[in-house]
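A quick write-up on the structure given underneath.
We use all heavy atoms of the structure for the numbers below, so side chains are in, but hydrogens, waters and symmetry mates are not.
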Protein chains: 2
Amino acid sequence: MKSKITLKDIARELEVSISTVSKALKNSEEISRDTKEKIQAFAKLYNYRPNNIAISLKNKRTKNIGVVIPDIVHHFFTTVIRGIEKYANARGYNVIVCSSDESFDREVINMEMLANGSIDGFIMSLSSETQQKNDYNHLKEVTEQGIPVVLFDRITNEVECDKVIIDDQLGAYMAAKKMIDQGRKKIGLITTADYLSVSKARTQGYRKALVEHNLDVDESRILKLSSMEMDEELIQKFFESTDIDAVLCVNEIFAVYTMRLAQKKGLRIPEDISFIGFTDGFLSQYANPSLTVIAQHGQKMGEVSAQMLIEKVESEAEEETYQTKILEPTLVVRDSTIN
Amino acid sequence: MKSKITLKDIARELEVSISTVSKALKNSEEISRDTKEKIQAFAKLYNYRPNNIAISLKNKRTKNIGVVIPDIVHHFFTTVIRGIEKYANARGYNVIVCSSDESFDREVINMEMLANGSIDGFIMSLSSETQQKNDYNHLKEVTEQGIPVVLFDRITNEVECDKVIIDDQLGAYMAAKKMIDQGRKKIGLITTADYLSVSKARTQGYRKALVEHNLDVDESRILKLSSMEMDEELIQKFFESTDIDAVLCVNEIFAVYTMRLAQKKGLRIPEDISFIGFTDGFLSQYANPSLTVIAQHGQKMGEVSAQMLIEKVESEAEEETYQTKILEPTLVVRDSTIN
DNA sequence: TTTCGCAACGAAAACGGTTTCGTGTTGATA
DNA sequence: TATCAACACGAAACCGTTTTCGTTGCGAAA
């Protein structure tokens with residue numbers, strides 16, 4: 001077991017000082033050709049690599065990005081991580097991933113763990129519990145310490161920082177309009193509680209589309225499920241108690257699940273009823289019929305977030321200007337709607 | 001912007017030495033009650049937290065685990081990460097995630113980035129390119145430096161380290177046996193190239209089950225797709241050219257996709273043809289019909305991996321004993337097979 | 001011969017902690 | 001009164017770098 005070699009080791013072995021070694025390896029002008037060559041050769045031979053931790057301590061830069069998300073087993077979030085990772089790695093940054101598991105406490109704990117020097121900045125999406133409690137002191141504390149934060153997707157106006165979202169309202173509007181244009185008049189919505197920023201925006205888009213097209217919004221056609229869990233019975237009931245010819249769902253699981261229910265009732269998709277969901281994941285692609293969705297472009301979102309964060313991290317300026325980037329959603333038409 | 005407070009700050013403010021502050025905050029017996037209380041109160045007031053980097057440098061322990069996986073947008077791997085994270089966080093460790101994107105080079109680069117002090121150990125699953133090249137020098141170098149490694153799922157015998165897998169052969173055997181027991185005699189297999197350790201083992205299990213039940217293995221019923229990508233045409237051809245009444249797939253995407261093809265051909269599932277896949281993910285649960293699968297217990301695998309790694313990291317002993325843990329797969333029966 | 005400048009290198013501080021090993025002060029003991 | 005332990009604290013080394021600021025030695029200029 002050959003342990004890692006340090007500057008000190010090289011210095012001792014070559015009978016020079018540590019500073020000389022350090023400078024030689026950086027090709028400093030201060031050091032003579034001979035000495036540099038000797039040191040560089042030795043370092044190469046023994047495969048010297050500077051210790052990241054020591055460098056971090058010295059520069060007060062870790063080259064680590066902390067990512068805190070509600071759930072890692074979730075297609076949208078993993079695509080965001082992929083985007084973050086892609087951009088960050090190319091810039092020499094590593095990504096530390098923590099999942100809050102939709103819990104406020106775990107979100108706070110994770111941030112505290114990372115905020116004590118482990119990372120240069122945060123990229124995060126709020127847990128549902130946090131959005132429900134509406135308590136953002138952990139975020140404020142971090143930003144007050146000068147640690148940059150980028151919020152994506154599930155954001156809040158309560159904290160000043162950079163933000164990246166898609167235009168959720170527009171997405172829902174596009175979806176609803178698509179169905180209206182195809183002659184649907186009784187459009188249902190399956191969503192989650194309103195405290196989730198994205199669900200709220202999507203509901204607004206849905207309402208807007210209906211109103212603009214002179215359809216009245218029948219509240220009985222809106223089903224609010226708590227959190228992201230499936231409540232089979234509720235959906236079943238909703239589906240039987242109301243008369244609809246199209247359904248917009250705020251995620252793909254709701255959509256795929258409800259499609260199955262519809263099929264069991266003997267309804268043909270998309271002839272009798274059409275479906276549109278959010279999130280362009282595996283489920284939508286491989287569902288039967290495949291699901292028309294509003295794509296949220298998770299990877300792009302991750303890349304943009306990482307870019308904004310790294311810019312802040314690397315900028316010396318103490319500017320207190322924050323921006324919110326709004327990405328355009330896209331309608332991906334598949335077989336759950338008429339073509 | 002209130003910057004982080006350090007021991008030195010406290011010492012200066014309270015006119016004691018840094019050592020006294022350090023000891024007081026650790027509740028050392030050496031320090032008098034009065035002084036301790038004063039220091040602790042002050043630290044609490046200013047919300048002092050020790051700097052992780054400084055501690056890492058001192059103890060040569062980062063409390064970070066490096067996870068290198070082939071793909072992060074993949075249900076199985078994300079469940080493994082969830083397991084790792086759960087166990088690791090409970091023990092005060094953070095998880096740095098890097099995806100190799102199935103590329104040998106990226107795997108090497110990621111490991112080199114992390115191996116210079118950023119992490120205490122690796123948990124990883126080999127990229128397909130690495131398994132194909134059969135080159136494991138980057139792993140060997142790391143282990144020779146005394147950095148513990150745990151391999152999971154996609155492993156190799158070429159490197160000595162702890163390993164965690166499920167019994168893939170048994171899983172495939174169970175699946176094939178299930179279909180045989182239900183009277184199926186013409187069982188197909190859709191898999192990937194053999195250089196992937198898991199596919200190889202699953203193919204063996206499939207063969208074993210057939211042979212043991214006096215069915216001959218018809219090679220034309222085995223379809224090998226390159227990598228994890230879907231080749232629509234190939235599946236279509238395969239499906240039309242061979243006569244089968246059951247299909248075993250090495251992942252859920254292959255299975256769900258092929259199910260759709262079967263349905264388009266007018267076959268009823270599971271009456272005419274039955275399906276079993278690997279990986280108990282969303283796709284299997286929400287497919288129509290829902291897919292019977294061999295569950296790989298990703299989360300458990302992650303927890304076990306993390307446990308093994310952390311034990312190695314925290315054990316002083318230089319024992320060179322490595323173990324391979326083999327988890328039992330489970331058959332999850334759903335609607336794509338007869339009950 | 002003295003002085004100056006420059007090339008080439010080393011000493012030391014700093015990053016923020018932990019820890020070992022003093023050291024000065026006290027009160028009790030012989 | 002001299003001795004000694006116990007107590008309470010501080011100095012300094014150390015982890016592995018980077019970087020500033022000397023400090024040499026030498027050749028050239030005066």
Side-chain angles (χ1 to χ4, degrees), chain A residues 3-40 42-43 46-64 92 113-120 145-147, chain B residues 3-40 42-43 46-64 92 115-120 145-147:
Chain A
S3 204
K4 277 261 143 183
I5 191 173
T6 70
L7 286 187
K8 193 196 275 188
D9 298 329
I10 302 183
R12 184 177 359 90
E13 218 62 32
L14 260 38
E15 295 182 311
V16 290
S17 77
I18 295 181
S19 0
T20 304
V21 179
S22 176
K23 288 169 193 163
L25 293 177
K26 305 199 100 92
N27 236 322
S28 158
E29 294 299 326
E30 253 182 284
I31 310 297
S32 72
R33 270 185 70 98
D34 287 2
T35 317
K36 276 200 282 195
E37 277 172 9
K38 191 177 61 178
I39 293 179
Q40 287 171 1
F42 190 92
Y46 286 92
N47 197 29
Y48 168 80
R49 304 267 174 235
N51 180 308
N52 290 333
I53 300 292
I55 293 181
S56 293
L57 182 59
K58 188 82 210 11
N59 331 322
K60 302 183 146 214
R61 282 280 171 81
T62 62
K63 288 240 163 194
N64 285 155
M113 270 188 83
L114 296 178
N116 302 125
S118 297
I119 51 103
D120 294 340
Q145 281 171 29
I147 303 178
Chain B
S3 205
K4 278 260 142 183
I5 191 173
T6 71
L7 284 188
K8 193 196 273 187
D9 298 330
I10 302 183
R12 182 176 3 87
E13 218 62 31
L14 260 38
E15 296 182 311
V16 290
S17 78
I18 296 181
S19 2
T20 304
V21 179
S22 175
K23 289 170 193 162
L25 292 177
K26 306 197 97 94
N27 235 322
S28 159
E29 294 298 326
E30 253 183 282
I31 310 297
S32 72
R33 272 184 67 99
D34 285 5
T35 318
K36 276 200 284 195
E37 277 172 8
K38 192 177 62 178
I39 294 178
Q40 286 170 2
F42 190 92
Y46 286 92
N47 196 29
Y48 168 79
R49 305 267 172 233
N51 180 307
N52 290 333
I53 300 292
I55 294 180
S56 293
L57 183 57
K58 184 74 192 142
N59 328 327
K60 304 182 145 213
R61 284 280 171 80
T62 61
K63 288 241 162 194
N64 285 156
N116 300 316
S118 297
I119 50 103
D120 295 340
Q145 280 172 29
I147 302 179

Nucleotide dC9(D), atom C1' - distance to NZ of Lys38(B) in whole Å: 11 Å

Heavy-atom pair of closest approach, residues Tyr48(A) and Ile5(A): CD1-O, 3.3 Å

Sugar-phosphate only, base, or nothing, as touched by Ser56(A) at under 4.0 Å among non-hydrogen atoms: nothing

Nucleotide nearest Thr20(B) (side chain, heavy atoms from C-beta), chosen from dC9(D), dG10(C), dT18(C): dC9(D)

Closest approach of Asn116(A) to Arg49(B) (non-hydrogen atoms, all atoms of both residues): ND2-CB, 3.1 Å

Touch class at under 4.0 angstrom, heavy-atom based, for Arg49(A) against every strand present: sugar-phosphate

Atom pair distance, as rounded to whole Å: CD1 in Ile5(B) and P in dG16(C): 12 Å

Ile18(A) CD1 - dT20(D) P separation (whole Å): 18 Å

Donor-acceptor pair, side chain of Asp120(A) and main chain of Lys63(A), under 3.5 angstrom: yes

Any Ser32(A) side-chain nitrogen or oxygen under 4.0 Å from OP1 or OP2 of dC9(C): yes

Val21(A): which of Thr6(A), Leu14(A), Leu7(A) passes side chain to side chain contact (heavy atoms under 4.5 Å, CB included): Leu7(A)

d(CD, Glu15(A); C1', dA11(C)) in whole Å: 18 Å

Nucleotide nearest Thr35(B) when distance is taken to its side chain, options dG17(C), dC9(D), dT20(D): dC9(D)

Distance-only donor-acceptor test, Lys23(B) side-chain atoms vs dG10(D) base atoms, 3.5 Å: yes

From dG22(D), dT17(D), dC21(C), nucleotide with atom closest to Ala54(A) side chain: dT17(D)

Nearest-nucleotide pick for Lys60(B), side chain only, options being dG22(D), dG16(D), dA11(D): dG16(D)

Nearest non-hydrogen partners of Ile39(B) and Leu25(B), listed with the distance: CG2-CD2, 4.0 Å

Gap between atoms CG and P, on Asn59(B) and dG16(D) respectively (whole Å): 12 Å

Distance-only side-chain donor-acceptor flag, Lys4(A) / Asn47(A), under 3.5 Å: no

Options dT17(D), dT18(D), dG10(D), nucleotide nearest the side-chain atoms of Thr6(A): dT17(D)

Atom pair distance, as rounded to whole Å: CZ in Arg61(B) and C1' in dG16(D): 18 Å

Check: dC14(D) base within 3.5 Å donor-acceptor of Lys58(B) side chain: yes

Candidates dC15(C), dC9(D), dT17(D) - which lies nearest the side chain of Lys8(B): dC15(C)

Touch class at under 4.0 angstrom, heavy-atom based, for Ser22(B) against every strand present: base

Under 3.5 Å donor-acceptor pair, Ser19(A) side-chain atoms to dA11(C) base atoms: yes

dG16(C) phosphate, OP1 or OP2, under 4.0 Å from Tyr48(B) side-chain N/O: no

Whole-Å distance separating the CD1 atom of Ile31(B) from the C1' atom of dG10(D): 9 Å

